[in-house]
Amino acid sequence: MGDLRKTFHVRDYDLDATLSSGQAFRWQQLGQAWEGVIGGRWVRLRLSKGDITAEAAKPVRDWAWLEHYLQLHFNLDQALATFPDDEPMQNAVASFPGLRLLRQDYWECLASFILSATKQIVQIRQMVMLLSKRYGEPIASNDDDPAFAFPTIKVIAACGEKELRECKLGFRAPNLLGAARDILDKKIDLQRLPTLTSSEARKELMKLHGVGPKIADCVLLFAGGHQEVFPVDVWIERALQQLYFPKRRPSAKQLRKFADTHFGPYAGFAQQYLFHHARVHLKLK
DNA sequence: CAGGTC
DNA sequence: CCTGG
């Protein structure tokens, strides 16, 4: 049959930091728990005393989807050991030692970051929620209201720009629509992305309407598991600038190069630590 | 003014 | 470029 609950023993897993760090936008904190949707499943997660307890709305036979999403088998120590031994990096790790990278669905991740342009995390969450409620499949949850899956490529592609704007997408509406239609028109093959190297996959993603280097890199890192990819946005630029170059002002190109050479094989992981640390603890301007 | 792109 | 915090 399967179970409605399952407990996973974890070490160094900061669920709060991980689910609120701006890599995924479907999680809502309710008291000590987090509720969210992964693919077509609603789930409630709770971390206590080294255990993550998951609660599902329907019996689950195989929890591999959740273990994969949360990357429970990832060897964090091994990744942390590759980080540069400098003060900013060590401080960032020390402030959230259990921060993790999730492994998300390609399309949902891609769509979410297309929507992220000049938006704060709260607003991105809002747009994703509106879209899901309006165009996603209803799915069972343990709350009074049903949850909603993220809308499929097909459903989004069939929308009009105007209706998408009603989900507060603004000028992002044509970008999301364009990307969905590009995929349906087979301009790129999402299924094939996992078989490509990160630079090949980046080139593919950037063929989509509304997808530039920043969004492509976020998808590579958060959906593709290319942990060496270091997305550079204005916040991480400011963080690098302040933490590593307090005296001079490197160009965007120089910062890009620094990001690509300084942080090693898990640069994307390092980026997540720097980003979250900076967002919570630093005053950036 | 805002976590980007055309 | 949209629009809201």
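A, B, ... follow the sequence lines: proteins, then strands. Residue 1 opens every chain.
- Within the 4.0 angstrom heavy-atom criterion, no nucleotide atom of any strand lies near A:Leu115.
- A:Tyr69 and A:Asp105 share no side-chain donor-acceptor pair at under 3.5 Å.
- The phosphate of C:dG4 (OP1 or OP2) has no side-chain N or O of A:Gln123 nearer than 4.0 angstrom.
- With C:dC2, B:dA2, B:dT5 as the candidates, the nucleotide lying closest to the side chain of A:Arg238 is B:dA2.
- When heavy atoms are screened at a 4.0 angstrom cut-off, A:Phe113 is found touching no nucleic acid atom at all.
- The ring of A:His281 has its center closer than 6.0 angstrom to the ring center of A:Phe96.
- Residue-level contact check: A:Val211 touches the backbone only, with heavy atoms under 4.0 Å from sugar-phosphate atoms and none from bases.
- At the heavy-atom level, A:Arg165 lies under 4.0 Å from the strands shown only through sugar-phosphate atoms.
- Distances from the side chain of A:Ala117 to the nucleotides B:dG3, C:dC2, B:dG4 place B:dG4 closest.
- Going from atom CG of A:Leu177 over to atom CZ of A:Arg165 covers 10.0 Å, rounded to the nearest 0.5 Å.
- The nucleotide C:dC2 finds no pairing partner, because no Watson-Crick or G-U wobble arrangement with both distances shorter than 3.5 Å includes it.
- A:Lys214 comes within contact range of the sugar-phosphate backbone alone, with a heavy-atom separation under 4.0 Å but no base atom that close.
- Heavy atoms of A:Pro213 sit under 4.0 angstrom from primed sugar atoms or phosphate atoms, though from no base atom.
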Next item on the list: Under the side chain to side chain donor-acceptor pair (under 3.5 Å) rule, what do A:His209 and A:Asp182 come out as? Steps first, then yes or no, please.
Entry: CA-CA 7 Å; A:His209 184 83; A:Asp182 285 346; 5.4 Å; no
